Each structure stands twice: as C-alpha cells, then as structure tokens.
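For clarity, every value in this text was computed on a predicted model and none was experimentally measured.
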Amino acid sequence: MRENGFRAIGGLAQKLTSGMAKGRGASLVRLKADWPAVVGPELARTTRPDALLAGRGARAGKALRLKVSGAAALEVQHRSGQIVERVNAYFGHKVIDDVRIVQGVISAPRPAPRTPRPDPVVEQAVASRTAAVEDPDLRAALTRLGARITAGRRGVLLGGLGALCVADDLRAQSRSPARFLDPLPGDHVLGRPDAPNVLIDYASFTCPHCATFNNAVMPALRRDWIDTGKLKLVHRHFPSDALATRASLLAECAGPEGFFAAVDTLFRTQVQWLTASDPAAELMTVLVGQGVSEAQAQACVANDRLLDKVIADVQSGQALGVNSTPTVFINEQGYGNPGGIDAIAAILRQVGR
C-alpha cells in the first residue's frame, strides 16, 4: 500500500478507536456492539437496538427503537424506563427519552471473527521497517504486530468510514477546499461535460433522506436540468456506517458506465436490504440484475482501489465541512439538504449560469 495510504488509514483507525466517531449512526454502532454490557445478558438475549429516532415536535426527545422477540415484549415494555437510564448512563449524557418496541426475530450473536494471518508480502514489508531493532525477540514481535494491524485496518475502516476524520490529510486539504467544488478526476458525473451548472451530492446509501432525494428529486432533476444540458451532477460517497461503506463499494463495482444505474437501484431497494435479517448478505445480491454477481460483489468489497475512491470522497467532503447526508453544493455554494425539486429549481434559477 502507498505511504500516504498507510497514513490515511492509520489516521482513520486512530480516530475510530479513540471514540471520536460522532452522530446517530456511530452511536448506534457502539450501542449494538456493547448491548449486553449496557442492559445485561438477560435483556440482551431478547432485545436488539434497531435505530435511534429523532423526536417529533418541538419538545419531543429522541427514542431508541428496540427490536424485541414477541414473548418478551410485555416485560421489556415494563422495563423501558430502566433501559433509558442504562443507555444514557452508557453514553454519559442524555441520548434518548423513550423506547419504542417493535417485534422481530432476535438471532444469536455472531462469534467474534478470527484475526486472519497477515499476507506474507505485507509481513515482509513490515519486517523491512523493523530491521533496525537490535533485540531479535522485540523485532519479531513488532513485525507480527505491524503486519496484523496493517491487515486489520480495512476492517476498521469499513466499520466507520463516514463518521471519521483524517486530521493530517484534512489540514492539508483545508488550505484549498475550493478545489473540491468542481468535478475532480475520478468523480462520477451525470450530464454533459460542458453543462454550465454543477451540483455535487454527498450521500450515504443507508440514509433515508438520500433515498428520498434519489427517488423523488432525481427524476425531475434529470428531466428538466441534466438531460437538457443545463446541469451536471457529481455523486460523492459519504457513508455513515459499515453497511453504507459496503454499498458504496458495490456501486463502484458497476463501473463508470453502470454507476448511476447502480446508485438508483441501491436507493430504490434500500428498505428491502436494510431491513433484511442479514442486511450485509442481502446487499451482495442487489445488483445481480445489472450483471454484478454475488461473487463479483464480494470481490469489489475487498478491492483496495475502490476503497481508495470512497476514502477520497469522504476526505473531500470533510474538507468542505460536510457532516450529514445528503449535503448538496450548487455552483460552489453549500445548501445542506435543500429539500424537494421545487427548492432546488429555485436555487438554480437564482444562482444558475
């Protein structure tokens, strides 16, 4: 891997392990991982955190949607106050005000994955870096540790890419963030190259608002602005969790010609694969109809070149201050999530070229 790749992924891993990942997606990932410790083994056998929900109305607080096996639903409802207290104590501040119960099948937790043996080539490369260590036992230990960390960084990265910062790279990028407001080499661009207006969309495939943008806004945007040559749209990845990162890699798997068709399919089937009993496995089958077999999808998820593209998109978004999805930039101005097609059309009429 390139030297700057080591630095970038190392920075991501450091931020993840130091607990700096923020946002509802990162909080839910943490809560799921530590659920038995939060509520105790008895409740953990019959419940699973499903989502952190924003409250409705000015005074409404956040709620934890909790999946519960049918037989235990009544007991869990009686203990909802206790669950709220334990969840808030776990985070160290008030995160939820209520628990909303949905019935579902609670599968047994998966066993912890075994740490794979490092690739011999990686091990040899790390060995060359530790050659100056005089103590042979220490040198051998450092070589094994370095190789295993290198091999494991991809897994760490997939676990929380969109919620992380790469401090060293972002400090360099922040000096000239304006360069990210135009199409970059390697960007996926929909529309004519000479279209005068540019819309850049940072999106996560597990984000329901991003799916709404794709399903409700994009058809009219294509008809009235893109297909008429007035606008080109740039899609950039900003995954908010592990599943979204895998979906980004799967979209890349379709190649430049099939990319936007893959994006559309992933968003239109979002509810299907996101609510499946095994969302990660279901995701691998989504693009079969577009010629991406399950085996090809698995290969793409393990492809470092495609991962580099996703990392680059995330870093450009962070340099521009993106912290939620969708975030839209139109002609170098940020508009967050501007809403429906009428709002976007109004912006284009105002700042259009």
Side-chain angles (χ1 to χ4, degrees), residues 162 166 169-205 207-240 244 247-248 251-252 254-268 306 308-353:
V166 188
D169 287 348
L170 290 183
R171 275 195 293 269
Q173 292 176 1
S174 64
R175 300 188 192 106
S176 57
R179 68 189 180 94
F180 299 115
L181 293 171
D182 286 313
L184 300 169
D187 268 340
H188 295 287
V189 182
L190 182 66
R192 298 178 188 173
D194 60 348
N197 297 291
V198 180
L199 185 153
I200 300 174
D201 175 29
Y202 284 90
S204 171
F205 283 108
C207 160
H209 300 295
C210 299
T212 298
F213 181 88
N214 179 81
N215 302 342
V217 177
M218 276 295 290
L221 198 62
R222 292 187 71 153
R223 182 190 66 234
D224 298 337
W225 293 89
I226 298 173
D227 292 346
T228 56
K230 295 185 288 186
L231 174 75
K232 52 178 172 276
L233 179 141
V234 179
H235 177 103
R236 290 183 186 157
H237 303 287
F238 204 82
S240 54
S248 291
E252 292 291 332
E257 296 300 322
F259 178 79
F260 282 100
V263 167
D264 184 60
T265 299
L266 286 163
F267 275 130
R268 290 189 181 278
L306 301 184
D308 284 345
K309 162 60 178 166
V310 179
I311 292 171
D313 282 2
V314 170
Q315 291 175 343
S316 71
Q318 289 168 332
L320 292 171
V322 175
N323 55 24
S324 62
T325 55
T327 291
V328 170
F329 293 86
I330 299 176
N331 291 346
E332 303 180 355
Q333 299 296 318
Y335 294 95
N337 179 5
I341 185 60
D342 291 341
I344 293 177
I347 294 170
L348 284 165
R349 285 193 293 269
Q350 181 180 1
V351 303
R353 299 163 177 164

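How far CE of M218 is from CD1 of I341: 9.5 Å, rounded to the nearest 0.5 Å. Taken from CD in Q350 to CG in N331, the straight-line distance is 11.0 Å, to the nearest 0.5 Å. In this structure, H188 NE2 and L190 CG are separated by 11.5 Å, a value rounded to the nearest 0.5 Å. Note that CZ of F238 is 10.0 Å distant from CG of D313, once rounded to the nearest 0.5 Å. With rounding to the nearest 0.5 angstrom, the OG atom of S248 is 8.5 Å from the CG atom of L266. Taking OG1 of T212 as the start and CG of N215 as the end, the distance is 6.5 Å to the nearest 0.5 Å.
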Apply side chain to side chain contact (heavy atoms under 4.5 Å, CB included) to N197 and I330, showing your working.
CA-CA 7 Å; N197 297 291; I330 299 176; 5.8 Å; no
Run the side chain to side chain contact (heavy atoms under 4.5 Å, CB included) check on L231 and V198 step by step: do they pass?
CA-CA 6 Å; L231 174 75; V198 180; 5.7 Å; no
One pair to check against side chain to side chain contact (heavy atoms under 4.5 Å, CB included): E257 and F259. What are the steps and the verdict?
CA-CA 6 Å; E257 296 300 322; F259 178 79; over 6 Å; no
Going through the distances and angles, do Y202 and H237 end up as a ring pair (Phe, Tyr, Trp, His ring centres under 6.0 Å)?
CA-CA 6 Å; Y202 284 90; H237 303 287; 9.9 Å; no
Before you tell me yes or no, could you show the steps for K232 and D194 under side chain to side chain contact (heavy atoms under 4.5 Å, CB included), namely the whole-Å CA-CA distance, both residues' side-chain angles and the distance that decides it to 0.1 Å?
CA-CA 8 Å; K232 52 178 172 276; D194 60 348; over 6 Å; no
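A salt bridge links K309 and D187; the closest N-O separation between the charged side-chain nitrogens and carboxylate oxygens is under 4.0 Å.
Residue A262 comes nearest to A254 through the heavy atom pair CB-CB, 3.7 Å, listed as atom of the first residue, atom of the second, then distance. Nearest approach of F267 to A211, heavy atoms of both residues: CD2-CA, 3.6 Å. The minimum heavy-atom distance between G229 and P196, with the atom names listed, is O-CD, 3.5 Å. Scanning both residues, T228 and R223, for their nearest heavy atoms gives CG2-O, 3.5 Å. For the pair P326 and D201, the tightest heavy-atom approach, listed with the atom from each and the gap, is CB-OD1, 3.7 Å. In plain terms, the two heavy atoms of I344 and P338 that are nearest each other are CG1-CG, 3.7 Å.
Within the 4.5 Å cutoff, no side-chain heavy atoms of N214 are placed close to those of F260. Using a 4.5 Å heavy-atom threshold, the side chains of D182 and E332 count as touching. Side chains of R236 and S316 form a contact here, defined as non-hydrogen atoms less than 4.5 Å apart. Inter-residue side-chain proximity for L199 and V234 is flagged as unmet; no heavy-atom pair is nearer than 4.5 Å. Side-chain contact between N337 and S324 is absent, with no heavy-atom pair separated by less than 4.5 Å.
No side-chain N or O of T325 forms a donor-acceptor pair with one of S204 less than 3.5 Å apart.
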